[in-house]
Amino acid sequence: MQNNKMVEVHDVHKFFDDLHVLRGVSFEVKRGSVTTILGPSGSGKSTILRCINVLESIQAGSILVDNVLMGYESRDGKLYELDDKAVSKQRASIGMVFQRFNLFPHKNALENVMEAPVQVKGMKEADAKLLALDLLEQVGLSDRADHYPSELSGGQQQRVAIARALAMDPDLMLFDEPTSALDPELVGEVLSVMKNLASQGMTMIVVTHEVGFAREVSDQVILMDDGQIVESGTPTEVFNNPQNPRTKEFLAKVL
């Protein structure tokens, strides 16, 4: 029987030198669900995403994605860090969209989306082109396929970045404040693409300040503060009936 849990984060601790950034973070994400992580700057939201994708190592605890222990392997009851090649293989099933779009400036939108399937998966260029065109259509940019990043708005660049992440056919999508670098009028077009993905059953974890999106699309809302989860539950529970005083204080500022 298939495990219904796509992500299992258990008692994760992360230090940057003496700074204790994550302090025993635990949560689960069900397959096909949307989890949004809210909280003030410096609360550890982006760090936990980066740990899930093994862009950062953890000092204690464990993270499983689709039943696979991320970043480590267990041998004779001990944990050993995986090498870069093994980690890259684990990451292949995870798409990540960053705050900054990180597109290749010398490649047009179509080439940016084609790059990973060709280079990482060994897909034939003709097949990758068809896939990329289909994904650009999904994000509403089929008419911008030959445009370079410098010729696209921030919102369009972010939608290309989402299409590029989807080109690897991920089982899980991580979004790290995908709209925070955008002008306010461009935020809606990116959130619209994300809502569409959610409606198709993509498992998503979204770090965001967009409370409206969290309320409308999430199955689970997590509020972090000072490296810990201070509240989690359904949008109705967290927004309408918060239990923790810190949650009430945070929501009073953002709602």
Task: H20 side, atom NE2; Q59 side, atom CD - distance, nearest 0.5 Å - done: 8.5 Å
- [ ] Return the minimal non-hydrogen interatomic distance between Q158 and Q99, and the atom names on each side.
- [x] NE2-O, 3.7 Å
Open item on the list: Quick check: is V190 connected to V206 through a chain of hydrophobic side chains (ILVMFWY, heavy atoms under 4.5 Å apart)?
Closed with: yes
TODO: Verify the cluster assignment for V54 and V120: are they in a single hydrophobic cluster under the rule of side-chain heavy atoms below 4.5 Å apart?
DONE: no
Task: Gap separating the CD atom of Q90 from the CE atom of M70, nearest 0.5 angstrom - done: 4.5 Å
Task: Residues forming a side-chain contact (heavy atoms from CB on, under 4.5 Å) with E115, sequence neighbours excluded - done: F104, K107, Q119
Open item on the list: Less than 6.0 angstrom from the centroid, inside 45 degrees of the normal: does K14 satisfy that with respect to the ring of F16?
Closed with: yes
Task: Donor-acceptor under 3.5 Å (D17 side chain, L19 main chain) - done: no
Task: Non-hydrogen atoms of S46 and D176 that approach each other most closely - done: OG-OD1, 2.6 Å
Task: No-hydrogen, no-angle side-chain donor-acceptor test under 3.5 Å, Q220 and T35 - done: yes
- [ ] Keeping to residues at least two apart or across chains, list the salt bridge (Lys or Arg N to Asp or Glu O under 4.0 Å) pairs with something in residues 178-197.
- [x] R159-E189, K195-E216
Open item on the list: Checking S43 against D225: is there a side-chain donor and acceptor pair closer than 3.5 Å?
Closed with: no
TODO: Count the heavy atoms of every other residue, nucleotide or ligand shown that sit under 6.0 Å from CG of D84, and state whether that count exceeds 12.
DONE: no
Open item on the list: Can you give me the closest heavy-atom contact between A167 and L135, atom names plus distance?
Closed with: CA-CD1, 3.4 Å
Task: side chain to side chain donor-acceptor pair (under 3.5 Å) against E73, all qualifying residues, sequence neighbours excluded - done: R75
- [ ] Taking only Lys NZ, Arg NE, NH1 and NH2, and the carboxylate oxygens of Asp or Glu, determine whether D66 and R31 approach each other closer than 4.0 Å.
- [x] yes
